[in-house]
Structure formats: C-alpha cells, structure tokens
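Below you'll find the structure, written out as structure tokens, and then a few comments.
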Amino acid sequence: MVPERELFAGKAVRAARRLIGMELVHRGQRVRIVETEAYVGPHDLACHASKGRTARTEVLWRGPGLAYVYLIYGMYNCLNVVTGPEGFASAVLIRAAEPLSPGLGDLSGPGKLCRALGIDRSFNGIDLCDPGAALHLELGPRRRVRIASGPRINVDYARHWAHKDYRFMEAGSPFGSRPRLPLRSRRT
DNA sequence: CCACGGATCAGCT
DNA sequence: GCTGATCCGTGGA
C-alpha cells in the first residue's frame with residue numbers, strides 16, 4: 001500500500017522521520033529506507049531551493065510526494081521526496097536502505113542506492129505516491145523503530161544550518177551510511 | 001562564453 | 001583520515 005500524499009505535505013523533518021521504515025519499489029525490486037536527511041525549505045542554505053527556482057530544482061515547487069532526482073559530483077544521482085505544502089520547496093534525501101530483494105548489494109549511501117536501483121534523472125518528477133509509477137513508495141509492515149538523529153553529511157558550507165540535527169537513521173541499523181549515529185535516540 | 005563547486009564514492013594511507 | 005574522478009547547474013562577464 002502506498003502512503004497518503006498528506007504524509008509529506010507538512011514539514012520536511014516530520015516527513016524524514018516518517019520515511020524511515022517505508023519501502024521503495026522499482027521494477028519488482030524492493031528496499032526498506034533506514035536513513036534520510038531533511039532539507040527544510042528555501043531558507044535552509046543546504047537546501048537546493050535556497051538557490052532559487054531553476055530548471056533543475058523546479059520539481060521542488062510542484063508539490064509533496066514527487067521525486068526530485070539530481071546529479072551530484074558529475075557521477076552520482078540522489079533521490080529525494082518533495083515535501084511541504086505545494087509551493088513550499090523542501091525535500092527529504094533518501095540516504096540509505098536495507099535490501100529486501102536479492103542481488104541488490106550495498107545501499108549505504110544516496111549514490112549507491114540510486115545506482116543499485118537504476119534511478120537516474122529520468123525519474124525526476126515521478127509521483128512516488130502512485131502505485132502504478134515505475135518507482136514508488138510503500139508503507140512497510142507496521143513496526144516501531146528507534147530513530148537516531150545527527151547533523152547532515154557534507155553540508156559544511158551551509159553555516160549554522162550545517163549543525164542542525166536533520167539527519168535521521170534507524171538506530172542500530174547495519175545498513176546506514178557512515179558515520180554512524182550513536183546520538184540522540186527516540187521512539188516514534 | 002567560461003570558471004567553479006558540489007546533499008558522493010572507492011581506494012589509499 | 002585524505003584525494004581524485006567526473007560533469008552539470010549556476011553565475012558572472
């Protein structure tokens with residue numbers, strides 16, 4: 001079952017927490033999300049929306065539940081879920097997942113996850129809440145997860161925004177990216 | 001037109 | 001811990 005779009009229509013931090021434990025499905029391959037980062041809006045210097053609306057980032061303004069896929073360092077793709085009320089540009093980066101289908105290999109990083117699932121920029125704008133979409137989300141089995149938080153990775157340029165605890169990970173998961181998060185931990 | 005830097009990763013030290 | 005690979009998006013001239 002796909003998640004309600006409303007789950008992503010609020011603040012990015014809330015969506016980032018809720019995405020932990022959800023599953024991504026592409027061509028019959030299935031993964032379980034264990035790590036996310038929130039990019040909370042145009043005022044967040046680490047959020048691509050802070051640079052203004054461009055052809056690349058336009059999907060961030062189109063509404064919650066859509067995929068924002070961009071190329072980083074010339075060689076890796078990163079998958080995000082657009083969040084917030086329509087017109088408030090924010091998103092959640094999917095950083096790592098646990099493989100549920102055989103043969104997927106290591107998904108412990110945003111670039112690796114996209115490479116393993118074959119996600120590239122042609123998926124930009126796809127509706128992740130549409131069960132018929134080539135790539136979509138599904139609610140996993142309902143289960144309580146402990147979530148640890150810490151600062152986002154590689155956003156040192158974002159001044160005080162770099163220190164905010166906008167990175168979330170299933171506590172103790174061996175499938176997250178490094179560095180691990182022994183930080184704050186709380187049940188949701 | 002051109003220069004610069006990045007929401008990464010693998011491979012090394 | 002550090003570095004290079006690799007190329008698009010952006011901003012300035």
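Atoms considered below: every heavy atom in the structure, side chains included; atoms not considered: hydrogens, waters and symmetry mates. Each chain gets a letter, A, B and so on, in the order its sequence line appears, and its residues count up from 1.
Here Tyr68(A) pairs with His48(A), Tyr70(A) under the ring pair (Phe, Tyr, Trp, His ring centres under 6.0 Å) rule; sequence neighbours left out. Taking His160(A) as the reference, nothing meets the ring pair (Phe, Tyr, Trp, His ring centres under 6.0 Å) condition, with sequence neighbours excluded. With sequence neighbours excluded, the residues satisfying ring pair (Phe, Tyr, Trp, His ring centres under 6.0 Å) with Phe123(A) are His26(A).
Pairs passing the salt bridge (charged side-chain N to carboxylate O under 4.0 Å, His left out) check and including a residue from residues 153-164 of chain A, sequence neighbours excluded, do not occur. Applying the side-chain hydrogen bond (donor to acceptor under 3.5 Å, both in side chains) rule to pairs touching residues 103-112 of chain A yields Asp106(A)-Ser108(A), Asp106(A)-Lys112(A), Ser108(A)-Lys112(A), sequence neighbours excluded. Residue pairs meeting the salt bridge (charged side-chain N to carboxylate O under 4.0 Å, His left out) criterion with at least one partner in residues 81-96 of chain A, sequence neighbours excluded, are Glu35(A)-Arg95(A), Glu37(A)-Arg95(A). Residues in residues 123-135 of chain A take part in these side-chain hydrogen bond (donor to acceptor under 3.5 Å, both in side chains) pairs, two or more places apart or across chains: Arg5(A)-Asp127(A).
For DNA chain C, runs of at least 3 consecutive pairs of the Watson-Crick or G-U wobble type, with both hydrogen-bonding distances under 3.5 angstrom, map to B:1-6 with C:7-12, B:8-12 with C:1-5.
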| query | When you check every protein heavy atom under 4.0 Å of nucleotides 4-13 of chain C, what one-letter string (B, S, -) results, 5' to 3'? | reply | -BBBSSSS--
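If you check residues 106-114 of chain A against DNA chain B, the residues with a heavy atom closer than 4.0 Å are Gly109(A), Pro110(A), Gly111(A), Lys112(A), listed by number.
Alongside Leu100(A), the hydrophobic cluster contains no other residue (criterion: ILVMFWY side chains under 4.5 Å).
A 6.0 Å sphere centred on CD of Glu58(A) holds more than 12 heavy atoms belonging to other residues, nucleotides or ligands.
The footprint of chain A on DNA chain B, defined by a heavy-atom cutoff below 4.0 Å, extends from dG6(B) to dA10(B).
Put simply, CG on Leu117(A) and CG on Asn77(A) are 11.5 Å apart, with the number rounded to the nearest 0.5 Å.
With a 4.5 Å cut-off on side-chain heavy atoms, Asp165(A) and Pro151(A) count as touching.
Among all heavy-atom pairs drawn from Thr83(A) and Ala91(A), the shortest one is OG1-N, 3.3 Å.
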